[in-house]
Amino acid sequence: MSSRLDHIAQKRREKLDRIRKRGIDPYPHRYHRSHTTEQAIALLEQCEAGGKETPLVSVGGRITASRLMGKISFLDLRDGSGKIQLLFSQGRLDKQQGELFDDLDIGDIIGVSGRPFRTKSREPTIEVEGLTLLAKSLQPLPEKWHGLSDVDKRYRQRYLDLIANAEVRKIFRVRSQAITAIRSFLNKRGFLEVETPVLQPAAGGALARPFVTHHHALDQDFYLRIATELHLKRLIVGGFDKVYELGRIFRNEGVSTKHNPEFTTLESYEAYADYNDVMKMVEKMVGSVARLVAGGYGVEFGNTTIDFKPPWPRLSLRQAVKKYSGIDFEQYPDTDSLRAEMVRLKMEVDPKKRRGRLIDELISTFVEPKLIQPTFLLDYPLEMSPLAKAKPDDGRLVERFEAFAGGMEIANAFTELNDPIEQRQRFLQQQKERRAGDEEVETADEDFLAALEYGMPPTGGLGVGIDRLVMLFTGGQSIREVILFPQLREKP
RNA sequence: GGGCCGCUAGCUCAACUGGCAGAGCAGCUGACUCUUAAUCAGCAGGUUACAGGUUCGACUCCUGUGCGGCUCACCA
C-alpha cells in the first residue's frame, strides 16, 4: 500500500470532481426506493402472469458489472435481496444524467427508476428513465469472475469478501438464521433471555486462561468472562426457572481452525430438569435449526450427510473410549496407571496432566474425530466436571453429557451440582490440583457459593458452541469462515 | 511457541537450471441498439512483502524480519 494513489483510484477521483463541478452531490442523504431488486422481479412476474403492463419502480444498489454496447448499455445492480439487470438507452436520459452515466464505475451505489421488462434472452431488466448517484466508489472491486481469494484480505476486509463471494454471504445468512432459530426455540419453551457481566473479578465456569483488563475508576483488574455459567445459575437461585444467554466469551488461548479468542456460546439452565431432559431438548433444538437452515434434518458436511433427526444415539463415555481407543479407563483408577497405559500405546503424554485431563485427551484423540453422526456421550468422570452432580449410583461419575457431530464437540451439559458444601469441596480439590501444577482450574467463586447456600433447585444446564454449530451447517472447515471478523495479528 | 508452505500489477494467476517480469479481469481511448465472464482494436499499469547477502546478472539461491495458511503443541 503506497501512499500514492494507484491510477484507478486517481481516475475515480477525477470523475468525482467532474460530478461535483456539475452541481451533483455524489453522496446525497437519502433515496427512497419503491422495490428491492427481488421485489421488482416478482412484480414483473406478476404483471406477466396477469397480462398487465409493469408500473414504474425505483431500486437502489451497487453496480457489479457493466456491458457497454454503444447506444445501449447493460449494468448489473445488486442490493441486499439480489440482483437485477439495468438497461440504459441513449436518448432515454437527459443530458445531465447522460453525463453522469459516463462517469459511473463498477462499485458505485446508484438509484434508478424505470419499468421492469424482459430482454430477448428473458433476463429481467429495468429500462432506466431516471438515474441518481447515491455513493461514488473510489476503489476498484475484486475481480468479477474469481472473486477475492486472498485469505488474509478476505478476513481483514470482510466487506470485500462479502461483495465478491456469494458463498460467504450465504454462510453469514445461515449463521443469523441459526441463531434466530435457537432463540425462537427457547423462547417458545418459556426460557427467558438474559445478559450477564462480561467483566468479572474472577473468571469462572470453565477451565481456560482469561484475558485481563483494568478498570481505572475502581482501580481494579477484571477478567473477561470465559463462560456464562455461574451467573446464569445465580439467576436460577433468583427464581427465573428457565434462562439462557447467547453471548460472546473470551479465552486467552491458542488460535486455530477450531479456536478463536472470542466466540459465541449458548448457555441455558432449566430448573426441575436433569441432564436427560436437556439431552432431549438439545437434539430437538438442533434438529429444528437444521430443518430451518438446511430445509431438513440432513445436512451436507464434507462428503457425507449428517442426519440430525432425533433421537440421537447415546453411548456412555466409558464405552466410547473403550471402543475407539481400546482403553477402559475404569481399569486405571489413578493418574499414574492411566498415564502408563497411554504411554504404552505410544501416546505423547503431558506429565502435568491429571487423570481427568488424560481421559479428555483420549476423547479428543480417538473418539471425537469418529463421531460424525450426532452422538451423545454420557457419564463423565467426576474429576473432569467440578460443577456437575454425581450419579446417585456411582460417585466417581457425574450426570454429564457432551454432544458430538461432524467430529466436533457441539454441546456440553450436566445436572448441575446444587449442594453448596460439596461445591466448595470440589473447588478446593481443584485448587489443590492447581498447586500440583495444573494451571487452568476452576477458581472458587465465593459469591457463587453464597448463592448456592440460599438453595438452587435441581437444574439441568447446557452449553453450546454456536460457531462450531454454524460450521456444521455451512460445511466450514475453519472457525474463521463463520466469524465475520476473526482475530488476526495486527498488520504493521 | 515448533515444523512445512505461501506473499509477483487494483483483483486472479504465469515466469524453465539464475539471463529483458507476462496474461486475463478491472482501468483508459475507439467501434458496436438485446448483452449477461459481451465482443473487437489499441494504450497504460510493477520497490516481485520488507531488509541484507551471494553473483557479471536475483521473482528465482542464502540469511533475517513481517503477515498469512496448514499442522503439531496448546485448547472441556
Side-chain angles (χ1 to χ4, degrees), chain A residues 1-2 4-12 14-15 64-76 83-92 105-107 117-125 127 137-157 160 163-164 205-209 226-227 229 251-261 263 265 317 348 350 352-353 356-357 359-361 363-365 368 377 380-381 383-388 400 402 409 411-414 439-442 463 465 477-480 486 488-492:
Chain A
M1 300 282 163
S2 61
R4 138 195 104 75
L5 291 172
D6 69 71
H7 80 284
I8 296 178
Q10 187 61 47
K11 277 282 170 198
R12 291 194 174 200
E14 288 166 14
K15 289 176 182 175
T64 57
S66 70
R67 296 173 290 283
L68 312 183
M69 309 202 38
K71 294 200 173 62
I72 63 166
S73 301
F74 295 98
L75 270 58
D76 290 342
K83 187 183 98 173
I84 196 166
Q85 180 172 261
L86 307 178
L87 168 63
F88 288 83
S89 308
Q90 206 179 61
R92 269 285 186 190
D105 285 298
I106 291 172
F117 76 107
R118 271 183 208 274
T119 61
K120 280 179 193 163
S121 51
R122 308 300 298 155
E123 178 77 16
T125 303
E127 180 161 26
S137 167
L138 299 178
Q139 293 292 340
L141 292 181
E143 212 252 359
K144 63 180 169 186
W145 188 240
H146 300 91
L148 183 68
S149 60
D150 181 317
V151 177
D152 188 42
K153 187 154 266 191
R154 286 185 46 229
Y155 295 157
R156 287 181 202 277
Q157 295 181 273
L160 291 181
I163 290 170
L207 310 179
R209 187 201 292 191
I226 57 173
E229 172 148 4
R251 294 187 182 179
N252 199 346
E253 285 165 354
V255 179
S256 78
T257 46
K258 291 204 171 84
H259 304 263
N260 195 61
F263 60 104
T265 59
L317 177 68
E348 278 183 34
D350 183 344
K352 286 205 297 263
K353 281 186 176 170
R357 307 281 298 244
I359 292 172
D360 202 42
E361 188 164 329
I363 300 170
S364 51
T365 305
E368 190 167 341
L377 297 189
Y380 282 60
E383 60 263 47
M384 300 172 66
S385 318
L387 298 162
R400 171 181 175 188
E402 292 188 310
E409 179 203 329
N412 176 30
F414 31 87
E439 271 305 306
E440 284 161 9
V441 296
E442 202 80 33
Q477 296 302 304
S478 167
I479 198 168
R480 294 180 206 109
L488 297 178
R489 203 182 291 271
E490 192 180 12
K491 278 247 161 141

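Throughout, a chain's letter reflects where its sequence line sits, starting with A, and its residues are numbered from 1. These figures come from a predicted structure and were not determined experimentally.
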Looking at [N], I'd like to know if its phosphate oxygens (OP1 or OP2) sit under 4.0 Å from a side-chain N or O belonging to [X].
X	N	value
A:R480	B:C70	yes
A:R67	B:C34	no
A:T257	B:U71	yes

### Message
Test of understanding: with salt bridge (Lys or Arg N to Asp or Glu O under 4.0 Å), list the residues that count as partners of A:K144, not counting sequence neighbours.
### Response
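Not a single residue meets the salt bridge (Lys or Arg N to Asp or Glu O under 4.0 Å) criterion with A:K144.
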### Query
What residues, two or more places apart in sequence or in another chain, satisfy salt bridge (Lys or Arg N to Asp or Glu O under 4.0 Å) together with A:K83?
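Applying salt bridge (Lys or Arg N to Asp or Glu O under 4.0 Å) to A:K83 gives A:D76.
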## Note on the structure
Across all chains, not counting sequence neighbours, the side chain to side chain donor-acceptor pair (under 3.5 Å) partners of A:T119 are A:S121
### Message
Applying side chain to side chain donor-acceptor pair (under 3.5 Å), can you list everything that pairs with A:N260, at least two apart in sequence or on another chain?
### Response
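Partners of A:N260 by the side chain to side chain donor-acceptor pair (under 3.5 Å) criterion come out as none, since no residue qualifies.
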### Task
Can you tell me, in whole Å, how much space there is between the C1' of B:A23 and that of B:G18?
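My reading of the C1' atoms in B:A23 and B:G18 gives 23 Å.
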### Query
Where the side chain of A:S478 is concerned, which of B:C70, B:U35, B:G68 is the nearest nucleotide?
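Closest nucleotide to the A:S478 side chain: B:C70.
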Gap between atoms [atom1] and [atom2], on [X] and [N] respectively (whole Å):
X	N	atom1	atom2	value
A:R118	B:U35	CZ	P	16 Å
A:E253	B:C74	CD	P	12 Å
A:F74	B:C32	CZ	P	16 Å

### Task
Could you encode protein contacts along nucleotides 2-8 of chain B as a string, one character per nucleotide from 5' to 3', using B for base contact, S for sugar-phosphate-only contact and - for no contact, with a heavy-atom cut-off of under 4.0 Å?
-------
By side-chain contact (heavy atoms from CB on, under 4.5 Å), which residues pair with [X], not counting sequence neighbours?
X	value
A:E402	A:Y380, A:R400, A:F404, A:E409, A:N412
A:E383	A:R355, A:P381
A:D360	A:I363, A:M384
A:T365	A:M347, A:E361

### Task
Determine the contact category for A:Y155: base if any of its heavy atoms lies under 4.0 Å from a base atom, sugar-phosphate if only primed atoms, P, OP1 or OP2 are that close, otherwise nothing.
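Sugar-phosphate, no base atom in range.
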### Query
Hey, where does RNA chain B pair up into stems, meaning at least three consecutive Watson-Crick or G-U pairs with distances under 3.5 Å?
B:1-7 with B:66-72, B:10-13 with B:22-25, B:27-31 with B:39-43, B:49-53 with B:61-65
### Query
With sequence neighbours excluded, what pairs up with A:F88 under the ring-ring contact (aromatic ring centres under 6.0 Å, His included) test?
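If we apply the ring-ring contact (aromatic ring centres under 6.0 Å, His included) test to A:F88, skipping adjacent residues, the hits are A:F101.
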Short heteroatom pairs, N/O only, protein and nucleotides 24-28 of chain B, under 3.5 Å:
{"residue": "B:C25", "atom": "O3'", "partner": "A:K144", "partner atom": "NZ", "Å": "3.4"}
{"residue": "B:A26", "atom": "OP1", "partner": "A:K144", "partner atom": "NZ", "Å": "2.9"}
{"residue": "B:C28", "atom": "OP1", "partner": "A:K15", "partner atom": "NZ", "Å": "2.5"}

